[in-house]
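Contents: one structure, followed by commentary.
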Amino acid sequence: MPATALLERTAPLYTRVQSVIPPIEWPVFAEDIDAILDLKRRRNAVILAHNYQTPEIFHCVADITGDSLALAREAMTVDADVIVLAGVHFMAETAKLLNPAKTVLIPDTRAGCSLAESITAADVRLMRARYPGVPVVTYVNSSAEVKAESDICCTSANARRVVESLGVPAVIMLPDEYLAQNVAAQTDVRIIAWAGHCEVHERFTAAEVRGLRSDHPGVTILAHPECPPEVVAEADFTGSTADMSAYVGREKPARVVLLTECSMADNVSVGHPDVTFVRPCNLCPHMKRITLPKIRHALETMTQEVTIDPAIAARARAAVERMLAV
Ligand code: 13P
Ligand code: SF4
């Protein structure tokens, strides 16, 4: 049981998350949070956390939170010595690409992504050979090696804009087939897709969405564009995790469903006590590998540093920077 002084120090943080963390769990979290806040000062470190991180990470130790696009933009301007990326490996690689002089730590190197794992650099070269001259737009949910073979990157927040910015009749869009199909539905550009899927979002079905509407009359349904197109077609709004969060803040729906990873609803609900969140969530096992004890361990030992082969990094960085310039 942590000392009373520690519980008093962390009490304001608990006030922030008490709607989503039961009191019995807090003392365990409080000890790691207190240690991490101290380590951040000693190491001159900042923690960037994705919207899918659990509330005790997202609301209690993170300095910067957001979707993949926001984390990439913020990573560029961090001037602390150390970046801890509370998210999955491709996000840590993107931070390292954009701010190579910093030490970037990922608390668990096994925090992967089914999309990133669905394609290799050799696959991209084969696609180029099959469709000569067609530019390759690669979702940031990919390895640095795959980015290095690409013309430009995109995220869920800017995919259509990036595709249309190229001014060409057709693009190859990798590796998320559903994101590619959802963008294709909004643009005249012909999209050639790859058959990668997010193991979290592919599980939502149109029948499930219809069931939610009939069980919760008047509910507003927001979907991530990694969901299958028939799910997106049933939703009221589709956007990146940051777009979904902004929608709730702007529109203040009385009752809402976020068709995305579980922790999103917890994190967004903290700032919107008047909104009821219906939670048919799916867990991302990769995001859930990141925990407070692992963040603490990474900062204590300065281990799990992300490194990228300089030759690959230069080409991958160019693809990410082209996206940020759009
Ligand atoms: P966002 O960029 O929308 O946060 O999505 C990242 C992700 O991994 C979604 O599954
Ligand atoms: Fe990858 Fe899906 Fe997990 Fe996002 S939710 S990190 S796309 S597996």
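Atoms within a ligand are numbered from 1 in the order they appear, just like the ligands themselves. Residues take their numbers from the sequence shown, with the count starting at 1.
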In this structure, atom 10 (O) of ligand 1 is nearest to the protein heavy atom E226 OE1, 2.8 Å
One finds that the ligand 1 atoms under 4.0 Å from a non-hydrogen atom of H224 are 1 (P), 3 (O), 5 (O), 9 (C)
The atoms of ligand 1 lying under 4.0 Å from a heavy atom of Y52, numbered in the order shown, are 7 (C), 9 (C), 10 (O)
Any heavy atom of D67 under 4.0 Å from ligand 1? The part involved is both
For residues 199-276, the disulfide bond (SG atoms under 2.5 Å apart) pairs (sequence neighbours left out) are C262-C281
*Please indicate whether any nitrogen or oxygen in S68 is less than 3.5 Å from any nitrogen or oxygen in ligand 1.*
yes
Regarding R315 and E149, does a basic nitrogen lie under 4.0 Å from an acidic carboxylate oxygen? yes
Ignoring waters, protein N/O/S atoms under 2.8 Å from atom 1 (Fe) of ligand 2 are C113 SG
Between N51 and ligand 1, does any nitrogen or oxygen pair lie at a separation below 3.5 Å?
-> no
Q. Is atom NE2 of H272 surrounded by more than 12 heavy atoms (other residues, nucleotides or ligands) closer than 6.0 Å?
A. yes
- Quick one: does M244 get within less than 4.0 Å of ligand 1, heavy atoms only? no
Are I33 and V270 joined in one hydrophobic group, where the rule is that I, L, V, M, F, W and Y side chains link up if heavy atoms are under 4.5 Å apart?
yes
Residues pairing under disulfide bond (SG atoms under 2.5 Å apart) where one sits in residues 124-181, two or more places apart or in two chains, turn out to be none
Ring centers of H197, Y178 separated by less than 6.0 Å: yes
query = Just distances here: any N/O of S240 and N/O of ligand 1 closer than 3.5 Å?
reply = no
Are side-chain heavy atoms of D34 and R9 found at a separation under 4.5 Å?
-> yes
shortest atom 8 (O) of ligand 1-to-protein heavy-atom contact is with N141 ND2, 3.3 Å
The complete set of salt bridge (charged side-chain N to carboxylate O under 4.0 Å, His left out) pairs with one or both residues in residues 269-298, sequence neighbours excluded, reads D32-R296, D108-K294, E261-K288, D266-R279, R296-E300
With a 4.0 Å cut-off on heavy atoms, is H201 touching ligand 1? yes
- Message: Using a strict threshold of under 4.0 Å (side-chain N to carboxylate O), is an ion pair present between D81 and R43?
- Response: no
Under 4.0 Å between a Lys/Arg side-chain N and an Asp/Glu carboxylate O for E199 and R203?
no
In this structure, OG of S156 is separated from CG of N141 (nearest 0.5 Å) by 7.5 Å
Atom 4 (Fe) of ligand 2: closest protein heavy atom, distance to 0.1 Å, is Y52 CE1, 4.0 Å
S156 heavy atoms within 4.0 Å reach ligand 1 at atoms 1 (P), 2 (O), 3 (O)
Distance col, row M76:CE vs L97:CG, nearest 0.5 angstrom, shows 12.0 Å
